[in-house]
Amino acid sequence: GKQGLQAGDALILTRPVGAGVLFAARARGMARTRWIRRAIAVMDASNAAAATVLREYGARACTDVTGFGLLGHLGEMLRASDVSAEVSIASVPFYEGAIDMLQAGVASSLQSNNEQTLQDFALDGVAADAPALRLLVDPQTAGGLLAGVPASRAHACVAALRGGGYPDAAIIGR
């Protein structure tokens, strides 16, 4: 469930974000075919094996990242668990082309609504309109899993996820 995050847990994300902007770009004829093919291949894979790996490495809280974007769903987990978190934007995996398309002015129809979520977070060292930051609230379809795993097991967990078919899995914060 969404509750159960504990202080010191590593936050692990199993898939890239940016699907919303990529499919908005596709609708406008602006997305490269390889970007869309890669996103569809990732979205088409099940999250079941990732959930099993996360459980094996002691995940205490987990949710899937969908329409509210990464930070929207993280916010729900934080409120349910009564903890705060620090996310490193540089560690978040993005779909190829997603930042380019946001910079080109493309966005999902839910983007501006989701950007209200940014008010719930303190922004340190990043501009509020930075494309990478805006992607953290990009609405996802068939997004990855976001989980809290004990920090001592996080690197091994990511290695297992990557070896198990989730090549973009990453520790994105704590």
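Computed from a predicted model, the values in this text were never measured in an experiment. By convention here, the first residue in the shown sequence is residue 1. Basis for what follows: all heavy atoms, side chains included, without hydrogens, waters or symmetry-related copies.
At a threshold of 4.5 Å between side-chain heavy atoms, the hydrophobic network of Ile, Leu, Val, Met, Phe, Trp and Tyr places Ile171 and Leu146 in two separate groups. In the hydrophobic cluster analysis, where Ile, Leu, Val, Met, Phe, Trp and Tyr join through side-chain heavy atoms closer than 4.5 angstrom, Leu5 is grouped together with Val92. Taken together through direct or relayed side-chain contacts under 4.5 Å among Ile, Leu, Val, Met, Phe, Trp and Tyr, Val65 and Val21 form part of one hydrophobic cluster. Under the 4.5 Å side-chain heavy-atom criterion for grouping Ile, Leu, Val, Met, Phe, Trp and Tyr, Leu110 is not connected to Val17 through any hydrophobic cluster.
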Apply side-chain contact (heavy atoms from CB on, under 4.5 Å) to residues Thr141 and Thr66 and explain how you reach the verdict.
CA-CA 6 Å; Thr141 301; Thr66 56; over 6 Å; no

Using side-chain contact (heavy atoms from CB on, under 4.5 Å), reason through Leu74 and Leu136 one step at a time and then give a plain yes or no.
CA-CA 10 Å; Leu74 174 58; Leu136 300 188; over 6 Å; no

What do the steps show when you test Val106 against Leu102 for side-chain contact (heavy atoms from CB on, under 4.5 Å), and what is the final call?
CA-CA 5 Å; Val106 178; Leu102 260 184; over 6 Å; no

Applying side-chain contact (heavy atoms from CB on, under 4.5 Å), run through Val137 and Gln111 and close with a yes or a no.
CA-CA 7 Å; Val137 293; Gln111 181 73 28; 3.6 Å; yes

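Looking only at distances, no side-chain donor or acceptor of Thr63 sits under 3.5 Å from a matching main-chain atom of Lys2. With hydrogens and angles disregarded, no donor-acceptor distance shorter than 3.5 Å links the side chain of Ser81 to the backbone of Val83. Although no hydrogens or angles enter the test, the distance criterion places no donor-acceptor pair under 3.5 Å between the side chain of Tyr166 and the main chain of Arg15. No donor-acceptor distance shorter than 3.5 angstrom exists from the side chain of Gln3 to the backbone of Gly1, with no hydrogens or angles considered. With Ser91 contributing its side chain and Ile172 its backbone, the two residues share no donor-acceptor pair below 3.5 Å. Judged by distance alone, the side chain of Arg28 and the main-chain N or O of Phe23 form no donor-acceptor pair under 3.5 Å.
Considering all non-hydrogen atoms of both residues, Gly69 and Asn114 come closest at N-ND2, 4.0 Å. Across Pro93 and Leu13, no two heavy atoms sit closer than the pair CD-CD2, 3.9 Å. Between Ala85 and Leu78, the shortest heavy-atom distance links the atoms CB-CD2, 3.6 Å.
Side-chain contact check for Gln140 and Asp138: at least one donor-acceptor pair (N or O, by modelled atom type) lies under 3.5 Å.
Once rounded to the nearest 0.5 Å, the distance linking CE of Met77 with CG of Asp9 reads 9.0 Å. Distance check: Arg79 CZ to Glu76 CD gives 6.5 Å after rounding to the nearest 0.5 Å. Note that the CG atom of Asn113 and the OG atom of Ser108 stand 10.0 Å from one another [nearest 0.5 Å]. One finds the CD atom of Glu86 at 10.0 Å from the CG atom of Leu11 (value rounded to the nearest 0.5 Å). Atoms CG and CG, on Leu145 and Asn47 in that order, are 4.0 Å from each other to the nearest 0.5 Å. Atom CH2 in Trp35 sits 5.0 Å away from atom CG in Asp100 (nearest 0.5 Å).
With respect to Arg134 and Glu115, a salt bridge is recorded, a charged nitrogen being found less than 4.0 Å from a carboxylate O. Ion pairing of Glu96 with Arg34 is present here, as a side-chain N (NZ or NE/NH1/NH2) and a carboxylate O approach within less than 4.0 Å. Under the 4.0 Å criterion applied to side-chain N and carboxylate O atoms, Arg38 and Asp168 are assigned as salt-bridge partners.
For the pair Gln103 and Pro131, the minimum side-chain heavy-atom distance is below 4.5 Å. Inter-residue side-chain proximity for Leu70 and Leu135 is flagged as unmet; no heavy-atom pair is nearer than 4.5 Å.
Ser112 pairs by the side chain to side chain donor-acceptor pair (under 3.5 Å) definition with nothing, not counting sequence neighbours.
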